[in-house]
Amino acid sequence: MKIGKIRKRGIRRASAVVVTAGAVLTAGAVTAPAQAATLKNPSIVAQGGFVMNNGTGKSLFTKAADTRRSTGSTTKIMTARVVLAQANLNLDSKVTVQKAYSDYIVDNNWASSAKLIVGDKVTVRQLLYGLMLPSGCDAAYALADKFGSGSTRAARVKSFIGKMNSTAKSLGLTNTHFDSFDGIGKGANYSTPRDLTKLASSAMKYSTFRTVVKTKSTKQKVTTKSGGYRYMSWENTNALLGSYSGTIGVKTGSGPEAKYCLVFAATRSGKTVIGTVLASSSVANRTADAKKLMDYGFKK
(Lines give C-alpha, C1' and ligand atoms only; values in the text may rest on other atoms or scores of the structure.)
Protein backbone atom coordinates (compact mmCIF):
# COMPACT_ATOMS: atom_id res chain seq x y z
CA MET A 1 0.00 0.00 0.00
CA LYS A 2 2.73 2.38 0.95
CA ILE A 3 4.53 1.67 -2.32
CA GLY A 4 1.33 2.39 -4.28
CA LYS A 5 0.81 5.71 -2.50
CA ILE A 6 4.37 6.76 -3.23
CA ARG A 7 3.89 5.94 -6.92
CA LYS A 8 0.63 7.93 -7.08
CA ARG A 9 2.26 10.91 -5.42
CA GLY A 10 5.13 10.66 -7.92
CA ILE A 11 2.66 10.67 -10.81
CA ARG A 12 0.86 13.69 -9.38
CA ARG A 13 4.19 15.55 -9.03
CA ALA A 14 5.16 14.70 -12.60
CA SER A 15 1.80 16.01 -13.84
CA ALA A 16 2.32 19.22 -11.91
CA VAL A 17 5.71 19.68 -13.58
CA VAL A 18 4.16 19.13 -17.02
CA VAL A 19 1.38 21.64 -16.29
CA THR A 20 3.87 24.20 -15.03
CA ALA A 21 6.04 23.77 -18.12
CA GLY A 22 2.94 24.17 -20.30
CA ALA A 23 2.08 27.38 -18.48
CA VAL A 24 5.59 28.71 -19.13
CA LEU A 25 5.32 27.83 -22.80
CA THR A 26 1.94 29.53 -23.03
CA ALA A 27 3.25 32.64 -21.28
CA GLY A 28 6.17 32.71 -23.70
CA ALA A 29 3.81 32.57 -26.65
CA VAL A 30 1.82 35.48 -25.22
CA THR A 31 4.82 37.71 -24.45
CA ALA A 32 6.65 37.11 -27.75
CA PRO A 33 4.61 39.65 -29.79
CA ALA A 34 5.24 42.34 -27.12
CA GLN A 35 8.99 41.73 -27.43
CA ALA A 36 8.73 41.91 -31.21
CA ALA A 37 7.03 45.31 -30.91
CA THR A 38 10.07 46.87 -29.18
CA LEU A 39 10.80 50.29 -30.70
CA LYS A 40 13.50 50.01 -33.36
CA ASN A 41 16.22 52.63 -33.70
CA PRO A 42 15.64 54.72 -36.83
CA SER A 43 18.13 54.59 -39.67
CA ILE A 44 19.33 58.02 -40.84
CA VAL A 45 21.48 59.15 -43.75
CA ALA A 46 23.28 61.80 -41.68
CA GLN A 47 26.70 60.85 -40.37
CA GLY A 48 25.84 62.18 -36.92
CA GLY A 49 22.61 62.51 -34.98
CA PHE A 50 21.26 63.17 -31.50
CA VAL A 51 17.83 63.62 -29.93
CA MET A 52 16.87 64.39 -26.36
CA ASN A 53 13.79 65.14 -24.29
CA ASN A 54 14.05 68.89 -23.85
CA GLY A 55 12.16 68.81 -20.58
CA THR A 56 14.29 66.19 -18.83
CA GLY A 57 17.54 66.35 -20.81
CA LYS A 58 17.33 62.58 -21.30
CA SER A 59 19.17 61.25 -24.36
CA LEU A 60 16.78 59.39 -26.69
CA PHE A 61 18.97 58.62 -29.75
CA THR A 62 22.66 58.87 -30.60
CA LYS A 63 24.71 58.29 -33.73
CA ALA A 64 28.30 59.53 -33.55
CA ALA A 65 26.79 62.14 -31.22
CA ASP A 66 30.17 63.31 -29.89
CA THR A 67 32.12 63.30 -33.14
CA ARG A 68 33.28 66.78 -34.11
CA ARG A 69 32.07 67.99 -37.49
CA SER A 70 31.75 71.22 -39.43
CA THR A 71 28.46 72.90 -38.53
CA GLY A 72 27.67 75.24 -41.41
CA SER A 73 25.06 77.86 -40.58
CA THR A 74 23.81 76.05 -37.48
CA THR A 75 26.66 78.16 -36.03
CA LYS A 76 24.21 81.09 -36.17
CA ILE A 77 22.33 79.62 -33.21
CA MET A 78 25.30 80.67 -31.11
CA THR A 79 25.45 84.06 -32.85
CA ALA A 80 21.85 84.70 -31.77
CA ARG A 81 22.47 83.24 -28.29
CA VAL A 82 25.38 85.63 -27.66
CA VAL A 83 23.33 88.64 -28.80
CA LEU A 84 20.32 87.73 -26.66
CA ALA A 85 22.51 87.30 -23.57
CA GLN A 86 23.80 90.88 -23.75
CA ALA A 87 23.11 92.98 -20.67
CA ASN A 88 20.43 95.69 -21.16
CA LEU A 89 19.76 94.48 -24.71
CA ASN A 90 17.56 96.82 -26.74
CA LEU A 91 16.08 94.81 -29.58
CA ASP A 92 14.77 97.98 -31.20
CA SER A 93 18.13 99.75 -31.39
CA LYS A 94 19.12 100.42 -35.00
CA VAL A 95 22.17 99.26 -36.93
CA THR A 96 23.27 100.92 -40.16
CA VAL A 97 24.09 98.38 -42.87
CA GLN A 98 27.74 98.78 -43.93
CA LYS A 99 29.27 98.07 -47.33
CA ALA A 100 31.60 95.57 -45.63
CA TYR A 101 28.61 93.32 -44.90
CA SER A 102 27.51 93.12 -48.53
CA ASP A 103 31.11 92.81 -49.74
CA TYR A 104 31.48 89.80 -47.44
CA ILE A 105 28.61 88.07 -49.25
CA VAL A 106 30.24 88.74 -52.63
CA ASP A 107 33.62 87.46 -51.43
CA ASN A 108 32.30 84.18 -50.00
CA ASN A 109 30.63 81.85 -52.48
CA TRP A 110 28.84 79.82 -49.79
CA ALA A 111 27.51 82.87 -47.93
CA SER A 112 23.71 82.95 -47.79
CA SER A 113 22.26 86.44 -47.64
CA ALA A 114 19.46 88.41 -46.01
CA LYS A 115 19.98 90.87 -48.90
CA LEU A 116 20.60 93.80 -46.57
CA ILE A 117 21.00 97.10 -48.43
CA VAL A 118 23.91 99.41 -47.63
CA GLY A 119 22.77 102.51 -45.74
CA ASP A 120 19.51 100.99 -44.47
CA LYS A 121 18.87 101.14 -40.75
CA VAL A 122 17.62 97.85 -39.34
CA THR A 123 16.83 96.94 -35.75
CA VAL A 124 18.62 94.23 -33.80
CA ARG A 125 15.35 92.28 -33.75
CA GLN A 126 15.15 92.49 -37.56
CA LEU A 127 18.75 91.36 -37.86
CA LEU A 128 17.87 88.28 -35.79
CA TYR A 129 15.11 87.46 -38.28
CA GLY A 130 17.54 88.04 -41.16
CA LEU A 131 20.06 85.81 -39.39
CA MET A 132 17.80 82.87 -38.62
CA LEU A 133 15.23 82.74 -41.45
CA PRO A 134 17.18 83.24 -44.73
CA SER A 135 20.39 82.46 -42.80
CA GLY A 136 21.90 85.82 -43.66
CA CYS A 137 25.68 85.94 -43.26
CA ASP A 138 25.41 89.71 -43.77
CA ALA A 139 23.05 89.87 -40.77
CA ALA A 140 25.52 87.76 -38.76
CA TYR A 141 28.34 90.14 -39.67
CA ALA A 142 26.22 93.15 -38.65
CA LEU A 143 25.46 91.58 -35.26
CA ALA A 144 29.10 90.64 -34.64
CA ASP A 145 30.16 94.19 -35.53
CA LYS A 146 27.47 95.65 -33.26
CA PHE A 147 28.05 93.47 -30.19
CA GLY A 148 31.79 92.89 -30.32
CA SER A 149 34.20 95.23 -28.52
CA GLY A 150 37.04 97.20 -30.09
CA SER A 151 37.95 100.29 -32.07
CA THR A 152 38.05 98.52 -35.45
CA ARG A 153 35.60 96.21 -37.19
CA ALA A 154 38.16 93.40 -37.22
CA ALA A 155 38.68 93.76 -33.47
CA ARG A 156 34.94 93.76 -32.81
CA VAL A 157 34.42 90.62 -34.89
CA LYS A 158 37.28 88.87 -33.11
CA SER A 159 35.81 89.92 -29.76
CA PHE A 160 32.37 88.61 -30.73
CA ILE A 161 33.75 85.21 -31.78
CA GLY A 162 35.56 85.15 -28.44
CA LYS A 163 32.17 85.61 -26.76
CA MET A 164 30.82 82.69 -28.79
CA ASN A 165 33.61 80.45 -27.51
CA SER A 166 33.35 81.60 -23.90
CA THR A 167 29.59 80.95 -24.04
CA ALA A 168 30.24 77.44 -25.40
CA LYS A 169 32.59 76.83 -22.49
CA SER A 170 30.09 78.14 -19.93
CA LEU A 171 27.43 75.79 -21.36
CA GLY A 172 29.78 72.79 -21.06
CA LEU A 173 30.06 72.30 -24.83
CA THR A 174 33.45 70.61 -24.66
CA ASN A 175 33.51 69.52 -28.32
CA THR A 176 32.59 72.90 -29.78
CA HIS A 177 34.73 75.72 -31.17
CA PHE A 178 33.99 78.70 -33.41
CA ASP A 179 36.28 80.67 -35.67
CA SER A 180 33.49 82.55 -37.46
CA PHE A 181 30.23 84.35 -36.69
CA ASP A 182 28.27 82.51 -39.39
CA GLY A 183 29.78 79.04 -39.98
CA ILE A 184 32.00 79.97 -42.91
CA GLY A 185 35.00 78.87 -40.91
CA LYS A 186 38.69 78.64 -41.48
CA GLY A 187 39.17 75.07 -40.35
CA ALA A 188 38.40 75.50 -36.64
CA ASN A 189 34.62 75.82 -36.65
CA TYR A 190 33.14 72.60 -35.32
CA SER A 191 30.66 71.05 -32.93
CA THR A 192 28.81 67.76 -32.39
CA PRO A 193 25.17 66.69 -32.57
CA ARG A 194 25.00 66.53 -28.76
CA ASP A 195 26.63 69.93 -28.22
CA LEU A 196 24.51 71.70 -30.85
CA THR A 197 21.36 70.23 -29.32
CA LYS A 198 22.38 71.50 -25.88
CA LEU A 199 23.14 74.90 -27.39
CA ALA A 200 19.74 75.06 -29.09
CA SER A 201 18.03 74.02 -25.87
CA SER A 202 19.77 76.91 -24.10
CA ALA A 203 18.86 79.39 -26.85
CA MET A 204 15.21 78.30 -26.73
CA LYS A 205 14.99 79.68 -23.19
CA TYR A 206 14.94 83.16 -24.74
CA SER A 207 11.42 84.14 -25.82
CA THR A 208 12.72 86.24 -28.74
CA PHE A 209 14.69 83.28 -30.06
CA ARG A 210 11.63 81.01 -29.82
CA THR A 211 9.50 83.56 -31.65
CA VAL A 212 12.03 84.02 -34.45
CA VAL A 213 12.87 80.37 -35.15
CA LYS A 214 9.24 79.22 -35.36
CA THR A 215 8.43 81.96 -37.91
CA LYS A 216 7.90 80.56 -41.40
CA SER A 217 8.09 83.94 -43.15
CA THR A 218 8.15 87.62 -42.23
CA LYS A 219 7.89 91.05 -43.80
CA GLN A 220 9.91 93.73 -42.00
CA LYS A 221 9.74 97.50 -42.48
CA VAL A 222 13.21 99.07 -42.46
CA THR A 223 14.41 102.66 -42.74
CA THR A 224 16.31 103.60 -45.90
CA LYS A 225 19.40 105.82 -46.13
CA SER A 226 17.25 108.73 -47.35
CA GLY A 227 14.87 108.43 -44.40
CA GLY A 228 12.12 106.61 -46.27
CA TYR A 229 11.27 102.96 -45.78
CA ARG A 230 11.19 99.65 -47.57
CA TYR A 231 9.96 96.14 -46.73
CA MET A 232 12.28 93.17 -46.43
CA SER A 233 10.67 89.75 -46.91
CA TRP A 234 12.38 86.66 -45.51
CA GLU A 235 11.44 82.98 -45.78
CA ASN A 236 12.64 80.38 -43.29
CA THR A 237 14.98 77.75 -44.77
CA ASN A 238 13.68 75.17 -42.27
CA ALA A 239 11.38 72.90 -44.30
CA LEU A 240 9.99 71.28 -41.13
CA LEU A 241 7.89 74.38 -40.47
CA GLY A 242 4.53 73.61 -42.01
CA SER A 243 5.46 70.02 -42.91
CA TYR A 244 5.89 68.43 -39.47
CA SER A 245 3.20 68.92 -36.87
CA GLY A 246 4.39 70.66 -33.73
CA THR A 247 7.66 72.04 -35.16
CA ILE A 248 8.97 75.02 -33.18
CA GLY A 249 12.41 75.54 -34.85
CA VAL A 250 15.39 75.60 -35.07
CA LYS A 251 18.08 76.12 -37.79
CA THR A 252 19.45 74.73 -41.04
CA GLY A 253 23.08 74.61 -42.12
CA SER A 254 25.10 73.57 -45.15
CA GLY A 255 28.52 73.88 -46.71
CA PRO A 256 31.15 71.98 -48.72
CA GLU A 257 32.53 70.34 -45.57
CA ALA A 258 29.41 70.44 -43.39
CA LYS A 259 27.18 68.89 -46.08
CA TYR A 260 23.55 69.32 -44.92
CA CYS A 261 22.76 69.93 -41.25
CA LEU A 262 19.63 70.63 -39.24
CA VAL A 263 18.94 71.44 -35.63
CA PHE A 264 15.27 70.75 -34.96
CA ALA A 265 12.62 70.84 -32.24
CA ALA A 266 8.94 70.02 -31.94
CA THR A 267 6.31 69.89 -29.21
CA ARG A 268 3.41 67.44 -29.04
CA SER A 269 1.07 66.80 -26.10
CA GLY A 270 3.31 68.83 -23.79
CA LYS A 271 6.48 66.94 -24.71
CA THR A 272 9.31 68.70 -26.56
CA VAL A 273 12.00 66.76 -28.39
CA ILE A 274 15.05 68.57 -29.68
CA GLY A 275 17.97 67.29 -31.72
CA THR A 276 20.52 67.64 -34.48
CA VAL A 277 21.62 65.87 -37.65
CA LEU A 278 25.02 66.68 -39.11
CA ALA A 279 26.47 65.79 -42.51
CA SER A 280 23.36 64.49 -44.24
CA SER A 281 23.51 64.09 -48.01
CA SER A 282 20.86 66.57 -49.21
CA VAL A 283 18.24 69.09 -48.08
CA ALA A 284 15.53 66.45 -48.51
CA ASN A 285 17.47 63.85 -46.52
CA ARG A 286 18.30 66.15 -43.61
CA THR A 287 14.58 66.93 -43.31
CA ALA A 288 13.62 63.26 -43.57
CA ASP A 289 16.31 62.35 -41.00
CA ALA A 290 14.95 64.95 -38.56
CA LYS A 291 11.38 63.71 -38.98
CA LYS A 292 12.45 60.12 -38.27
CA LEU A 293 14.29 61.17 -35.15
CA MET A 294 11.41 63.25 -33.85
CA ASP A 295 8.93 60.43 -34.53
CA TYR A 296 11.19 58.14 -32.58
CA GLY A 297 11.70 60.66 -29.81
CA PHE A 298 7.97 61.14 -29.27
CA LYS A 299 7.47 57.36 -28.97
CA LYS A 300 10.27 56.88 -26.42
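Quantities reported herein were computed from a predicted structural model and do not represent experimental measurements.
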Problem - Side-chain heavy-atom pair Arg286, Thr252 within 4.5 angstrom cut-off - result: yes

Handout entry: Closest non-hydrogen atom pair between Phe160 and Val82, with its separation
Key = CE1-CG1, 3.6 Å

Handout entry: Donor-acceptor pair between Ser113 and Asp138 side chains, under 3.5 angstrom
Key = yes

Handout entry: Flag side-chain contact, heavy atom, 4.5 Å: Leu89 against Phe147
Key = yes

Exercise for the section: Salt-bridge test for Asp92 and Arg125: reply yes if a basic N is under 4.0 Å from a carboxylate O, no otherwise. Expected result: yes

Exercise for the section: Only one of Val51, Thr174, Thr62 passes side-chain contact (heavy atoms from CB on, under 4.5 Å) with Arg194; say which it is. Expected result: Thr62

Handout entry: Flag side-chain contact, heavy atom, 4.5 Å: Leu143 against Phe181
Key = no

Problem - Test item: Trp234 side-chain N/O and Ala114 main-chain N/O as donor-acceptor pair under 3.5 Å - result: yes

Exercise for the section: Could you tell me whether the side chains of Thr75 and Lys251 share a donor-acceptor contact shorter than 3.5 Å? Expected result: no

Handout entry: Residue pair Lys300 / Lys58, side-chain heavy-atom distance below 4.5 Å
Key = no

Exercise for the section: Please examine the side chains of Phe178 and Ser191, heavy atoms only from C-beta on, and report whether any two atoms are closer than 4.5 Å. Expected result: no

Problem - Closest approach of Ser149 to Lys163 (non-hydrogen atoms, all atoms of both residues) - result: OG-NZ, 4.4 Å

Exercise for the section: Check whether any side-chain heavy atom of Leu128 lies under 4.5 Å from a side-chain heavy atom of Phe209, and answer yes or no. Expected result: no

Handout entry: Ala265 versus Met204, closest heavy-atom pair with distance
Key = CB-CE, 4.5 Å

Exercise for the section: Is it possible for you to say whether Ile44 and Met52 belong to one hydrophobic cluster, with membership spreading through side-chain heavy-atom contacts below 4.5 Å? Expected result: no

Exercise for the section: Consider only side-chain heavy atoms of I, L, V, M, F, W and Y, link residues closer than 4.5 Å, and tell whether Val250 and Met294 are in one cluster. Expected result: no

Handout entry: Side-chain touch Arg81/Leu171, heavy atoms, less than 4.5 angstrom
Key = yes

Practice task
Tell me, please, whether Tyr244 has Lys291 positioned over its six-membered ring: NZ or CZ under 6.0 Å from the ring centre and within 45 degrees of its axis?
Solution key: no

Practice task
Report the C-alpha distance between Lys76 and Ser73 in whole Å, list the side-chain angles of each, state the deciding distance to 0.1 Å, and finish with yes or no for side chain to side chain donor-acceptor pair (under 3.5 Å).
Solution key: CA-CA 6 Å; Lys76 289 167 182 155; Ser73 285; 3.0 Å; yes

Handout entry: Side chain proximity check, Asn285 to Tyr260, heavy atoms < 4.5 angstrom
Key = no

Exercise for the section: Working to the nearest 0.5 Å, report the span between CG of Leu116 and OH of Tyr141. Expected result: 13.0 Å

Exercise for the section: Apply side chain to side chain donor-acceptor pair (under 3.5 Å) to Ser280 and Asp289, showing your working. Expected result: CA-CA 8 Å; Ser280 196; Asp289 285 344; 2.9 Å; yes

Handout entry: Separation between OG of Ser170 and CG of Asn165, rounded to the nearest 0.5 Å
Key = 11.0 Å

Exercise for the section: Give a yes or no on whether Gln98 atom CD has more than 12 heavy-atom contacts from other residues, nucleotides or ligands under 6.0 Å away. Expected result: yes

